[in-house]
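As the structure lists them, so they are numbered: ligands from 1, and atoms in each ligand from 1.
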Amino acid sequence: MTSHHMNLVWLRNDLRLHDHPMFNQLAAQGECPGLAVVFILPQHWQQPDPNGLTRLGLPKARFLRACLIDVQRSLYQQNIRLSLLGGDPVRLLRDWYAQQPFHLHTAAAQAPEEASWLRAIAEFAPVTTYEPHTLFRQQQLAELLTADNWPSSYSGFSRWLDKRGLLSHIDAPLPPAILSADPHEAPVAAAIQWPDHQLHQVPAWAGRVPVTPFHGGEDAGLRHLAAYLGQENALRHYKDSRNQLCTAPASEADHPYSGSRFASQLSPWLAWGALSVRQVWAGIQRWESIHGTDEHSGWLKKELLWREYFHWTLRLKGAAVFHNPQPKPLDDSRWQAWCTARTGYPAIDAGLRELIHTGYSSNRMRQWLASFFIHQLGLDWRLGAAFFEQHLIDFDVASNWGNWAYIAGSGQDPRGGRFFKLNKQLELYDPQLMHLQQWLPELGPLTLTQVLHHQSGKRTLPNWPAPLPPTNPVD
Ligand SMILES: Cc1cc2nc3c(=O)[nH]c(=O)nc-3n(C[C@H](O)[C@H](O)[C@H](O)COP(=O)(O)OP(=O)(O)OC[C@H]3O[C@@H](n4cnc5c(N)ncnc54)[C@H](O)[C@@H]3O)c2cc1C
C-alpha cells in the first residue's frame, strides 16, 4: 500500500465502523499521513428516467441520511471528517485528486455501474478495494466463480457450500477500528441536494396508516439486532412467522405471534452496510449457543445465504442480470395504475401503499407484487425492479434484481419463473385482512369473500376501482 499520499476512504453502501475490513486495515497501518472519508450521492439518482422513476424515493432518502449522520458522528468522535458530496463520483474524485492526491480505499464494485466508476478512477489514482458486503471472501468461492461452474440455482450453491464445509469457515466480525490520522477536509465543495419533502404530496390516507418503523444508522442497526435476538427473542418463531405480511398487533390475542416481529427486518441496515452480514451471522450463532440450533435459526441463516447467492451471481454475471431477452412495450394505463396503487386489486394496492409510504414490505408481499406485475399485468419485469429500486429503503442491487429476474424466469433458476395466484395467496396469508385493512382504511369493514370476488372481476367493492383485466387468472 502506498504511503506518501493521504488515504481517502470512499464509503458507498458500507456505512459503518464495526467489522469493516477497510477501516481495520487502515487502523493496522498506524499513524498515516492523513485520512479523509467521503460519501458521494450520485446526482443521476434523482433525475427521473423516461418512466418517471428516480433511484431515491423519500423513505429511502430519509433512511440513507440517518445512516450518514450516524457514521459522520462516529467518525467525528475519532477526529475524522466525513464529507458528504453530491454529483458525479468520478468527476468529483478527479477534481479532489488534482488538488490533493490520495490513495483511494473503497468497497469492491457490486454492480456494473460501480465497476465502471472504479475503472475510471484507477486511471488517475491508486485504488485498493475491500469486501465488506458478504459472508464469504472471493478467494473462498474462487473455484465456483467461473461462467461454467456457477450453479444455476440456489440449491446448487447451498450444496456446494455444504460439501466444502464452508459454513464453518465464515470469518468472525472485526471489532470497530480505532483510527489515528491527521484529519483532512474535502478540497472540493458540492453539497448533496436531498429530495424536497415539501414537494412530496402527502395522500389523504397517510394519516391513518402505520408509521415507518425504521431509523437508519449503525447504532440503530446494532440495537435492532440485539433486540431481535435478545429482549424480543423473535427468532424463536422465525420459520413459522416469516411468511406473514405484517406483525400482528399485540391486541390480536388469538394470534400465535401477536406483537412479536414476524421476520428480522434487518434488511435496511444490511443493504446500506450499517450492519455487517458477518455481525448478523455471529449474532445468530450466539443465539444458537444459548437456545440451541433449530429450524428457526437455520432458516434465517438460509435467507442470508440467498443474499450471498444473489451477490456473487451479480459479481460474476454483471450486466446480464439486468437483461430481459423478451422485453415488453409499456402499457401506460397499467403502469399509472400501479404507480398510484390503484390497480383495482386491494391486496396489491395495499402492498403498494405500504412500499411507497414506508419503503419496506415483507418478502411474501414482494413476491405477490412482482408476480402480479409480471404475470398478471403483463409488464416488463425490469420496470418493476426499477420501481422497487426507487422505493425500497433496503434496496440492494443484487437481491432486488436477482429476485425480480427469478420470479420472471429470466434469471439463474431453470424453472421458468414463479407465479403466485393472488386469491389463493390472500386466503392463505391474510385471511383476516389484517394487512389489507391496515393499508386501505377507507374501505371500512370488509369480508374476505368480498375482496376475493372483487379481485375475480365481480366488482363487489363499489368504492375501489375495477380490477385491470389480468393476463392470467387470479384464482
Ligand atoms: C421482488 C423482490 C425484491 C426484493 N428486493 C430486495 C432488496 O432490494 N433488498 C433486500 O435486502 N432484499 C430484497 N428482497 C428479498 C427479501 O424480500 C427481503 O430481504 C426481506 O423481505 C427483508 O426483510 P427481513 O430483513 O425481515 O428478512 P428476513 O426474512 O428476516 O431475512 C433476513 C435477511 O436475509 C436476506 N434475505 C431474505 N430473503 C432474501 C431473498 N429472497 N433474497 C436475498 N436476500 C434475502 C436479507 O438480507 C434479509 O434482511 C426482495 C425479494 C423480492 C421477492
Side-chain angles (χ1 to χ4, degrees), residues 13 55 57 59-60 63 110-111 133-135 154 157-158 213-214 221 224-225 228-229 232 234-235 237-247 260-281 283-284 296-314 321 348 351-352 354-355 358-375 381-413 417-420 425:
N13 52 352
R55 295 205 209 168
K60 185 174 170 183
F63 192 87
Q110 292 177 286
H133 298 302
T134 48
L135 288 169
Y154 165 78
F157 176 62
S158 153
F214 299 99
H224 181 96
L225 176 64
Y228 178 69
L229 298 171
E232 294 177 14
L235 179 53
H237 54 69
Y238 175 74
K239 178 167 179 278
D240 298 334
S241 55
R242 58 180 282 278
N243 276 312
Q244 282 176 213
L245 302 181
C246 57
T247 292
S260 181
R261 210 177 286 282
F262 68 99
S264 74
Q265 300 188 316
L266 289 165
S267 55
W269 293 280
L270 280 171
W272 288 106
L275 260 184
S276 113
V277 65
R278 288 186 188 148
Q279 186 82 16
V280 174
W281 190 271
I284 302 171
H296 303 291
S297 61
W299 206 283
L300 186 59
K301 284 174 158 175
K302 180 177 154 185
E303 296 304 335
L304 294 174
L305 295 176
W306 265 103
R307 174 183 182 277
E308 203 74 9
Y309 179 62
F310 285 127
H311 272 240
W312 291 104
T313 302
L314 179 60
V321 169
I348 293 297
L352 285 169
E354 180 188 21
L355 171 63
T358 68
Y360 177 83
S361 65
S362 66
N363 183 57
R364 179 62 42 180
M365 177 55 78
R366 293 180 205 211
Q367 290 174 325
W368 290 9
L369 292 176
S371 163
F372 177 83
F373 189 87
I374 299 160
H375 303 299
W381 68 266
R382 293 169 304 174
L383 190 55
F387 183 84
F388 270 35
E389 177 163 356
Q390 168 169 331
H391 292 291
L392 281 176
I393 56 172
D394 65 13
F395 171 70
D396 170 282
V397 59
S399 304
N400 185 60
W401 287 79
N403 272 288
W404 272 90
Y406 176 71
I407 292 175
S410 195
Q412 285 280 306
D413 192 272
R418 297 287 184 287
F419 175 34
F420 296 79
Q425 291 282 315

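Side-chain atoms of Trp272 come within 3.5 Å of backbone atoms of Ile393 as a donor-acceptor pair (strictly under, hydrogens ignored). Here the side chain of Glu232 pairs no donor or acceptor atom with the backbone of Ala234 at under 3.5 angstrom.
Identified under the salt bridge (charged side-chain N to carboxylate O under 4.0 Å, His left out) test for residues 399-409, with sequence neighbours left out: none.
Taking a heavy-atom cut-off of under 4.0 Å, ligand 1 is surrounded by Tyr238, Ala263, Ser264, Gln265, Leu266, Ser267, Leu270, Leu300, Glu303, Leu304, Arg307, Phe310, Tyr360, Ser361, Ser362, Asn363, Arg366, Gln367, Ala370, Phe388, Leu392, Asp394, Phe395, Asp396, Ser399, Asn400, Asn403, Trp404, Ile407.
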For this session: Begin with the C-alpha distance, continue with both residues' side-chain angles, and end with the deciding distance and a verdict on ring-ring contact (aromatic ring centres under 6.0 Å, His included) for Phe420 and Trp368.
Result: CA-CA 6 Å; Phe420 296 79; Trp368 290 9; 8.6 Å; no

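Cation-pi geometry between Arg366 and Tyr360 is met: the NZ or CZ atom falls under 6.0 Å from the ring centre, inside 45° of the normal.
The CH2 atom of Trp312 sits 9.0 Å away from atom CZ of Phe157, with the distance rounded to the nearest 0.5 Å.
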